Amino acid sequence: MNNRIKFYKDKLFYSDKRRKSTKNLLVSALAIICSLIVALIIAMIIYKKGSLFFKIIGEIFTIPFTSINYSKTISNITIFAVGGLGFIFAFRAGLFNIGLSGQMLFGGIVAILIGQHMVNVPNGLGQILILVISIVAAATIAGVIGALKAFFNMSEVVSSILFNWIIYFAGSYLLIACHIPTDSSGLNTEPWTVAGNNPHPNLLLNITGGPLNGTWFPLLIITIIVTAGVIVILGYTSIGRKVIHTGMSTTASQYAGFNVKLNQILAMVVSGAVAGILGAMVYCGRDLGAIAITPISKTIPQEGFNGISVGLIAMNNPWAVLPVSLFFGMIDSAKASMSVNLGVDSHISDLIFGIVVYGSAIVAIFYYIVPFKWYQKLFKGKKYVEKYTAYSYDVLKEIEDVDNVLYFIKKRQKNNIDNFGLEKEMFEKYKIDDKKIKNKKMIKQYKNYVFGFYCNRASSLKQSLRKEAK
């Protein structure tokens with residue numbers, strides 16, 4: 001067991017595939033921690049209270065999951081996550097979809113405009129139709145942006161920003177022209193749950209009655225489905241691989257026979273579809289049909305921009321979106337309690353959150369910081385660093401050899417053991433006769449032998465490194 005732990009630990013830090021993922025994880029964590037520390041120091045300076053440092057941290061990690069706040073926290077986490085996934089899908093194709101906010105807003109507006117005429121739709125079917133309407137509307141806008149990029153080489157950033165403002169102003173006037181009921185302030189549409197005498201529970205992403213009353217549970221289910229869908233498409237389908245390769249190099253993709261223009265449009269359409277889901281989650285779920293109706297404030301929804309931050313901090317990895325969203329959702333939920341419990345102004349809470357988001361988003365700065373190598377070079381000398389680098393390449397070679405052997409063993413397990421032709425040279429290298437492997441028990445013993453052989457080699461390499469360094 002110790003050999004296996006050592007093998008996977010070295011594989012995590014030395015193999016090419018895992019080493020990059022590990023560094024991305026450490027870099028993102030470092031960016032979040034550093035930006036949070038800077039934000040807390042600024043709060044301490046403003047209020048001249050050193051105790052705020054630990055009190056705010058306590059609020060962030062305790063308040064969001066109390067019985068009063070957990071529903072809001074989970075809803076915030078899902079909003080951050082879906083926004084990040086929408087951005088990642090386009091970015092993996094080399095496209096910066098800064099129009100997520102406009103696309104989600106358009107999806108929400110169209111869903112509300114059409115939804116007011118769907119009062120008699122059965123509960124369950126209504127929610128599905130609302131999602132579909134919002135997805136189609138948002139994906140249409142994103143598709144237009146993708147087509148402008150593909151056929152006219154118009155920057156998707158410029159066109160997305162223009163569409164954000166067009167949708168914001170045109171949508172506000174459209175809601176007013178269609179006489180959508182407004183709240184007492186006149187600045188937002190009235191939530192569907194209290195709209196006149198004709199509520200719309202069959203159109204809300206909400207569970208009514210029972211222990212799961214609220215919006216967080218449906219939003220959580222939608223987020224899990226969207227996350228799984230993005231991971232599967234990007235990682236396990238030919239369409240996803242084509243999208244990724246297009247983002248890596250359009251020239252190489254063209255030589256490989258890929259339809260680059262189609263892949264770019266497809267990536268934007270899928271990104272817009274996810275933005276449409278985000279719009280339905282925000283306006284037909286968390287906000288229960290309430291949407292800003294006045295063009296005076298000139299405030300574009302922040303959920304799409306927050307999704308961009310999440311995607312960048314997650315290093316465009318769908319698997320990393322959920323932990324990043326968890327942290328941001330906790331901070332966002334704790335903002336109100338900071339003002340009440342700590343006497344911190346609400347604007348300061350927003351400032352702290354903004355610093356954390358902005359500081360975490362510039363992870364590229366931290367990507368080139370290698371404190372471990374600096375420590376080695378400072379205290380152990382340049383020669384030790386060179387020897388350590390050589391050792392890492394030796395370990396990498398051992399990992400590749402062992403992985404090859406284990407691959408053939410796994411392949412043998414899936415086939416008839418007696419008839420499957422093994423790679424003889426691999427077994428000769430490790431002094432193992434093919435005749436010794438005739439059943440699963442022997443295969444397990446062989447696996448253990450391979451691990452032991454690798455660990456002995458790696459240990460001897462490390463010992464020689466230490467002797468030479470001295």
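These figures come from a predicted structure and were not determined experimentally.
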| said: Within a 6.0 Å radius of atom CD1 on Ile166, are there more than 12 heavy atoms belonging to other residues, nucleotides or ligands? | reply: yes
Main-chain N/O of [Y] paired with [X] side-chain donor or acceptor, under 3.5 Å:
{"X": "Ser160", "Y": "Glu156", "answer": "yes"}
{"X": "Arg92", "Y": "Gly247", "answer": "no"}
{"X": "Asn263", "Y": "Thr246", "answer": "no"}
{"X": "Gln127", "Y": "Gly124", "answer": "yes"}
{"X": "Gln302", "Y": "Ile300", "answer": "yes"}
{"X": "Ser253", "Y": "His245", "answer": "yes"}
{"X": "Asn306", "Y": "Phe80", "answer": "no"}
{"X": "Thr66", "Y": "Ile63", "answer": "yes"}

For [X] versus [Y], what's the shortest heavy-atom pair and its separation?
{"X": "Ile42", "Y": "Ile355", "value": "CD1-CD1, 3.4 Å"}
{"X": "Val82", "Y": "Val274", "value": "O-CG1, 3.4 Å"}
{"X": "Gly240", "Y": "Thr237", "value": "N-OG1, 3.1 Å"}
{"X": "Met268", "Y": "Ala142", "value": "O-CB, 3.0 Å"}
{"X": "Ala150", "Y": "Ile265", "value": "CB-CG1, 3.9 Å"}
{"X": "Val269", "Y": "Gly143", "value": "CG2-CA, 3.7 Å"}

Do [X] and [Y] have side chains that get closer than 4.5 Å, going by heavy atoms?
{"X": "Thr73", "Y": "Phe65", "answer": "yes"}
{"X": "Phe96", "Y": "Ile308", "answer": "yes"}
{"X": "Trp216", "Y": "Leu220", "answer": "yes"}
{"X": "Ile277", "Y": "Ile135", "answer": "yes"}
{"X": "Val310", "Y": "Phe328", "answer": "yes"}
{"X": "Leu40", "Y": "Ile57", "answer": "yes"}
{"X": "Tyr283", "Y": "Pro301", "answer": "yes"}
{"X": "Lys149", "Y": "Met154", "answer": "no"}

Any chance you could measure [X], atom [atom1], to [Y], atom [atom2], to the nearest 0.5 Å?
{"X": "Leu85", "Y": "Leu100", "atom1": "CG", "atom2": "CG", "result": "10.5 Å"}
{"X": "Met44", "Y": "Ile56", "atom1": "CE", "atom2": "CD1", "result": "9.0 Å"}
{"X": "Ile221", "Y": "Thr78", "atom1": "CD1", "atom2": "OG1", "result": "11.0 Å"}
{"X": "Ile41", "Y": "Leu36", "atom1": "CD1", "atom2": "CG", "result": "10.0 Å"}
{"X": "Phe163", "Y": "Leu148", "atom1": "CZ", "atom2": "CG", "result": "6.5 Å"}
{"X": "Leu129", "Y": "Ser134", "atom1": "CG", "atom2": "OG", "result": "12.5 Å"}

Could you give the side-chain donor-acceptor pairs of residues 224-236 under 3.5 Å, partners two or more places apart or in another chain?
residue, atom, partner, partner atom, Å
Thr227, OG1, Thr223, O, 2.7

| message | Checking Cys178 against Leu174 for the side chain to side chain contact (heavy atoms under 4.5 Å, CB included) test, could you report, in this order, the C-alpha distance in whole Å, the side-chain angles of both residues, the deciding distance, and whether it holds? | response | CA-CA 6 Å; Cys178 293; Leu174 187 60; 4.2 Å; yes
| message | With side chain to side chain contact (heavy atoms under 4.5 Å, CB included) as the criterion, how do Asn164 and Phe305 come out once you've worked through the C-alpha distance, each side chain's angles and the decisive distance to 0.1 Å? | response | CA-CA 11 Å; Asn164 280 347; Phe305 298 119; 4.2 Å; yes
| Verdict with supporting geometry, Val136 and Val110, side chain to side chain contact (heavy atoms under 4.5 Å, CB included) | CA-CA 10 Å; Val136 172; Val110 174; over 6 Å; no
| query | Can you tell me if Asn97 and Gln103 form a side-chain donor-acceptor pair at under 3.5 Å? | reply | yes
| task | Please determine, by modelled atom types, if Asn76 and Ser333 share a side-chain donor-acceptor pair under 3.5 angstrom. | result | yes
| field | Step-by-step side chain to side chain contact (heavy atoms under 4.5 Å, CB included) determination, Gln264 to Thr250 | value | CA-CA 10 Å; Gln264 288 178 333; Thr250 55; 4.1 Å; yes
